[in-house]
Each structure stands twice: as structure tokens, then as C-alpha cells.
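Heads up, the thing below is written out as C-alpha cells.
Quick note on labels: first sequence line is chain A, next is B, and so on, each numbered from 1.
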Amino acid sequence: MPESVRVRFAPSPTGHLHVGGARTALFNWLLARHDRGVYVLRIEDTDLSRSTEDYTRSLLEALRWLGLDWDEGPPTPGYRQTERFDIYRAHAERLLAAGKAYRCRCTPETLDALRKTAEARKETFRYPGTCREANVPASEPHALRLAIPREGETVVHDVIRGDVTVSHAELDDWILVRTDGTPTYNFCVVVDDVTMKITHVIRGNDHLSNTPKQVLCYEALGYPVPIFAHIPMILAADKTRLSKRHGATSVLAFRDLGILPEAMLNYLARLGWSHGDQEIFSREDLIAHFDLAHVGAADAVFDLEKFKWVNHQWIKRLPAERLARELGPFLERAGLPAPRDLAWLGRVVEPLRERARTLVEMAEQAAFYLKAPEAYDPQSTAKFWKEHAPERYALLIKRLEAQEAMDPEALEGLYRFLAADLGLKLVDLAQLTRIALTGKTASPPIFEVVSILGKAETLARLKAAAAAVGLAR
RNA sequence: GGCCCCAUCGUCUAGAGGCCUAGGACAUGGCCCUCUCAAGGCUAAAACACGGGUUCGAAUCCCGUUGGGGCCA
């Protein structure tokens with residue numbers, strides 16, 4: 001019986017979770033959920049100078065928001081590299097004892113000098129193995145290097161890229177443990193993956209170059225090499241690495257822009273992975289269909305327009321109650337008065353869902369439901385506040401005061417009757433009403449608006465508009 | 001600079017030698033629908049980087065060139 005899949009996501013808490021990291025997390029999580037395996041979260045905080053507790057919290061918050069729950073990891077102890085130094089030390093000593101690693105006393109100055117010489121001769125610098133046979137005593141300050149085979153080559157079997165072969169002549173006896181006793185990144189990763197029994201290493205393609213030397217380390221340690229899958233990078237529109245200067249890149253920033261977690265997952269999954277022509281995937285769809293075989297090899301450009309389209313699809317699909325709840329904080333942040341209640345907000349959200357691509361947009365569009373217009377759009381009034389506007393407002397007010405049924409159909413009936421009676425088009429009366437209620441000539445269907453606002457509020461706004469036309473004329 | 005990876009419409013992608021006069025989606029233009037704005041429907045324009053092979057046949061396989069990305073410095 002094959003052992004079950006164990007995958008991990010191993011972010012460094014040196015910044016917020018960005019979209020590239022989120023997608024790596026997603027692919028790992030999907031493989032685990034698809035294969036009923038185990039998804040491990042490990043915090044790679046060995047870089048003490050750049051890692052912070054705040055970023056760790058932010059990382060966990062982003063993962064939770066996305067719903068990428070981990071089976072093993074914090075807060076359980078032992079899943080942060082800073083808690084694992086003893087483990088690295090033990091493995092380093094094992095390698096040393098087995099003669100697979102050796103002490104090196106070359107100073108940074110010596111190495112710099114060698115590097116400069118190599119550069120001067122236009123050669124690539126590689127550690128020449130000075131200390132390999134020197135038997136440097138433990139009492140002297142020393143780093144620890146992996147003794148790699150001088151001859152031959154190492155082949156990385158990558159699920160996405162096939163076999164990647166690197167000649168040992170290209171590789172160094174790289175440093176496992178620095179002179180100050182701290183283990184290096186590549187060494188920690190190997191030891192962690194080995195001790196956490198990771199079966200599939202799914203990570204960004206930027207790690208492919210480090211993989212041959214890691215493979216050598218697995219072999220020196222005598223452990224089986226995991227299955228590797230180096231997934232393509234996410235690039236900005238200019239095909240360079242995504243960075244702050246390209247705008248929002250962190251998961252939490254997109255959340256604050258009004259992106260739904262469903263949309264984030266959906267869009268990220270479709271960057272580099274596909275399932276025929278399908279564009280919209282729920283979390284369940286992704287789990288059901290995800291496979292490494294359909295992950296592409298080419299880097300992908302992050303396209304905010306398509307991302308917003310996907311978000312819009314999810315805004316259109318979510319139940320009104322959930323949408324209303326998601327919208328709440330955005331209304332508050334926009335400084336709008338609190339809605340009457342969640343059920344009413346659910347009615348407000350209904351016509352907006354096909355007009356708003358983000359929750360921020362939706363909050364803007366919802367503003368007039370919560371607050372009467374403070375001003376009327378000049379272009380709109382210029383077009384519709386003509387000679388007959390005051391008397392038409394007066395008529396609308398009179399007829400609406402007498403109107404009992406406030407459902408959209410009944411209201412439309414009333415308006416159509418009035419328009420016909422006056423020899424007008426429906427649009428004329430509709431736009432006058434729209435300006436009064438929303439301040440503009442663009443809004444959801446006006447009879448729905450009237451219905452949601454209610455009779456009293458509608459009349460109040462019509463009267464305010466009637467007064468304003470009087471002044472304007 | 002050395003090594004590694006990658007290469008289908010502007011973008012995300014389908015495509016695993018004949019199903020391809022290359023399909024879908026975003027964005028863009030047009031038309032329809034319509035109380036406005038949307039949404040939706042229909043439609044148009046838009047790609048196999050280039051050059052050699054292999055093969056009866058290549059977007060698909062091989063080599064090279066070019067371009068992009070990554071790692072090491």
C-alpha cells in the first residue's frame with residue numbers, strides 16, 4: 001500500500017502572503033485534499049533579521065481567510081524552524097560522522113579573494129574544496145560543508161518539467177551550517193521535509209535551481225527523495241516579478257479591495273492549471289478535479305481585469321445573506337449609516353450583485369440606499385430638469401402618496417399609466433425619479449429601488465428633489 | 001557572466017502527431033434586449049516566436065536561434 005500524500009507549505013514570515021505564495025499553498029492544499037493526504041504548514045523563520053511575529057500572524061490570517069486549513073502546523077510546537085535547531089544540528093553531526101560533510105575554516109575574506117580571481121578570469125566561482133581533506137579540528141571556528149561527488153551528475157525528476165540534469169561540475173560543496181552555528185536555508189528545508197515525511201514538494205519554480213544540491217543532501221542523509229513539482233511563477237503585466245510597485249499583491253490587500261475568498265482561490269487555481277474550458281470552480285470543484293498533470297510549465301501574467309471578472313461571477317453566485325454579511329464592513333468603512341437589518345441589506349444587495357465586480361464597488365453603489373443624495377449630478381439634472389420637471393415631480397408625489405402597493409410590478413404599472421396619460425415615454429418619469437432617489441441617472445431598476453426604499457423615504461426624496469428643481473430653475 | 005527553466009490570440013488557457021480552416025475565457029468593437037446603468041444573448045477582430053530537421057502528416061517530437069524568467073554570484 002502506497003504511503004499517503006504529505007505536502008507542505010513553508011512560507012517565510014518576512015512579508016505578507018502574496019499571490020504567488022497563496023497559489024503555492026493552494027496547489028499543495030488541493031493535492032492533499034484531492035488525495036486525502038496531509039497538508040502541513042511550516043514557518044521558515046530562520047532569517048531572524050527579517051522574520052517578524054506580525055508577519056507570521058498576517059500569514060496565518062490570510063491562509064485562514066482563504067480557508068486553506070492545515071492538518072499539522074502552528075500553534076502546535078515544532079513547526080517553526082526556530083524551534084528545530086536541535087534537529088538540524090543532529091543531522092549535521094550525522095553527516096559529519098558519516099564523512100558526508102566536513103569542517104571548513106576558510107574565512108569569508110579568503111573566499112572573496114578566490115571569487116574575485118575567478119571573476120577576473122571570467123570564470124564562475126566555485127568552492128575549490130580546500131578543506132575537504134584537511135580534517136579541520138572541531139576546536140577551530142568552522143563552517144560545515146556537504147561533500148558532493150566530484151564526478152557525474154544529478155537528475156531531478158520533476159512532475160511538471162520532466163528530468164532536469166545538472167552536472168556536479170556546476171555544483172559546490174555547499175555550506176550546511178555557517179561558522180556562527182546557524183544552519184543554511186537549503187539544509188533546513190531538506191531536514192524539515194525529511195523529518196516531516198513530506199512526499200511531494202510543490203513549490204515555485206524559483207526553487208528549481210536549488211533542487212539538485214538538495215537532492216544530493218537527501219542522498220547523503222540516506223533518505224528517499226520526494227517527488228518534486230516546480231510550479232510556474234506569477235508575473236506582472238510587464239513580465240517581471242510581481243512586486244509592490246505593480247499595485248496590490250498580497251492576499252489581504254485583495255480582501256480589502258473587496259475580493260471574495262472563493263474568487264481568489266478560483267482565479268489563482270486557473271493561473272497555471274486548467275480543466276478543459278471550465279473557468280468557474282468552487283472549492284469543491286477544485287478538490288475534485290485538481291491534479292499536477294494539468295499544471296502548465298510556463299509562467300503566467302497576473303491580470304487584474306480577469307480576476308475582477310471571476311470575483312464578479314462569485315458575487316453573482318453567493319447567497320444574498322452571505323453577500324450582505326460580506327458587504328457590511330465595506331459599508332462601515334465607507335462611512336455609511338448602518339443598514340436597517342441584515343434581511344433588508346439582503347434585498348439591497350440583490351440588484352447590485354450584477355453591477356459590482358468588487359465589494360468596494362458594491363458599497364459605493366449601495367450608498368444611496370442608506371443615505372439620501374446630498375447633491376444631484378449636474379449632467380443628469382442638465383438633461384432632465386427641464387421646464388416640466390417641477391409639475392411632474394408634483395404629480396409623482398401626489399400619485400405615490402395615494403399608491404398602496406409598493407411592489408416593483410405595481411409601481412411600474414403606475415408609471416406606465418402616468419407616462420401614457422401625459423404622452424411621455426417611461427424613461428422620462430423613470431429618470432426624474434432616479435435623480436431624486438439616487439442623485440444620478442444610473443442605478444438599479446428604479447421600481448426595485450422605490451420598493452426597497454419604501455414609500456416614506458421615496459416621498460421624502462421626491463419632495464427634496466422637487467424643492468431643488470424649483471431653486472435650480 | 002555561468003547554469004537551469006519556459007515559449008499557442010494583448011492576457012489566462014484548450015491542445016498529449018492526423019479530430020485544428022487552432023477551441024474557450026478576460027479585455028476590445030458591433031448588434032440585440034432595455035426605464036438608466038449593468039447583466040445576458042449573438043457577432044467581429046485577435047495566436048501556434050523564428051529557422052532547420054524527423055514523419056505520409058507537426059501547435060504537438062528533436063536540434064539551433066531569439067526572447068523572457070529563475071538560481072548562483
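Pairing for B:rG18 goes to B:rC56, judged as Watson-Crick or G-U wobble with the two contacts each under 3.5 Å. Base pairing of B:rC71: its partner is B:rG2, meeting the Watson-Crick or G-U wobble criterion (both donor-acceptor distances under 3.5 Å). As the counterpart of B:rC35, no nucleotide is assigned, since no Watson-Crick or G-U wobble pattern has both distances under 3.5 Å. A 3.5 Å limit on both hydrogen-bonding distances identifies B:rC50 as the Watson-Crick or G-U partner of B:rG64. Across all strands shown, B:rA44 forms a Watson-Crick or G-U wobble pair, both distances under 3.5 Å, with B:rU28.
Counted within 6.0 Å of CZ on A:Phe417, heavy atoms from surrounding residues, nucleotides or ligands total 12 or fewer; the atom is thus considered open. Annotation: A:Lys383, atom NZ; neighbour count of heavy atoms from other residues, nucleotides and ligands within 6.0 Å does not exceed 12. More than 12 heavy atoms of other residues, nucleotides or ligands shown are found within 6.0 angstrom of CD on A:Glu401. Annotation for A:Arg178: atom CZ counts as buried by contact number, over 12 foreign heavy atoms lying within 6.0 Å.
Comparing the C1' positions of B:rC48 and B:rA73 gives an interatomic distance of 37 Å, to the nearest angstrom. Comparing B:rG29 with B:rG10, their C1' atoms are spaced 15 Å from each other, to the whole Å. With both ends at atom P, the span from B:rC61 to B:rG15 equals 13 Å, rounded to whole Å. Annotation: B:rA27 and B:rC12 have their P atoms spaced 15 Å apart (nearest Å). Taking atom P on both nucleotides, B:rU11 is separated from B:rC56 by 36 Å, rounded to a whole Å. Taking atom C1' on both nucleotides, B:rU65 is separated from B:rC6 by 15 Å, rounded to a whole Å. If you take atom P in B:rA46 and the same atom in B:rG52, they sit 25 Å apart, rounded to whole Å. Only the C1' atoms considered, B:rC50 is 7 Å distant from B:rU66, to the nearest whole Å.
Although no hydrogens or angles enter the test, the distance criterion places a donor-acceptor pair under 3.5 Å between the side chain of A:His168 and the main chain of A:Glu151. Judged by distance alone, with hydrogens and angles left aside, the side-chain atoms of A:Asn186 form no donor-acceptor pair with the main-chain N or O of A:Gln214 at under 3.5 Å.
Residue A:Thr441 is classed as a base contact, given a heavy-atom separation below 4.0 Å to a base. Within the 4.0 angstrom heavy-atom criterion, base atoms lie near A:Phe447. Within the nucleic acid shown, A:His207 has no heavy atom closer than 4.0 Å to any nucleic acid atom. At the heavy-atom level, A:Leu271 lies under 4.0 Å from the strands shown only through sugar-phosphate atoms. Within the 4.0 angstrom heavy-atom criterion, only backbone atoms of the sugar-phosphate kind lie near A:Gly272; the bases stay farther away. Contact annotation for A:Pro444: base contact, defined as any heavy-atom pair under 4.0 Å involving a base atom. At the heavy-atom level, A:Glu170 lies under 4.0 Å from the strands shown only through sugar-phosphate atoms. Residue A:Arg270 is classed as a base contact, given a heavy-atom separation below 4.0 Å to a base. Across all strands, A:Lys308 comes closer than 4.0 Å to no nucleic acid atom at all (heavy-atom distances).
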Before giving the answer on side-chain hydrogen bond (donor to acceptor under 3.5 Å, both in side chains), spell out for A:Thr438 and A:Arg434 the whole-Å C-alpha distance, their side-chain angles and the decisive distance to 0.1 Å. CA-CA 6 Å; A:Thr438 75; A:Arg434 202 177 323 263; over 6 Å; no
Stepwise, does the salt bridge (charged side-chain N to carboxylate O under 4.0 Å, His left out) test hold for A:Arg115 with A:Asp112? CA-CA 5 Å; A:Arg115 185 172 297 125; A:Asp112 275 347; 2.7 Å; yes
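The outermost nucleotides of RNA chain B lying under 4.0 Å from heavy atoms of chain A, listed 5' to 3', are B:rG2 to B:rA73.
Closest-nucleotide positions on RNA chain B for A:Phe125 and A:Asp238 were compared, and the one nearer the 5' end corresponds to A:Asp238. Looking at which nucleotide of RNA chain B each of A:Arg126 and A:Ser209 is closest to, the 5′-most match is held by A:Arg126.
Checked against the 6.0 Å centroid criterion, the rings of A:Trp29 and A:Phe9 do not qualify as a close aromatic pair.
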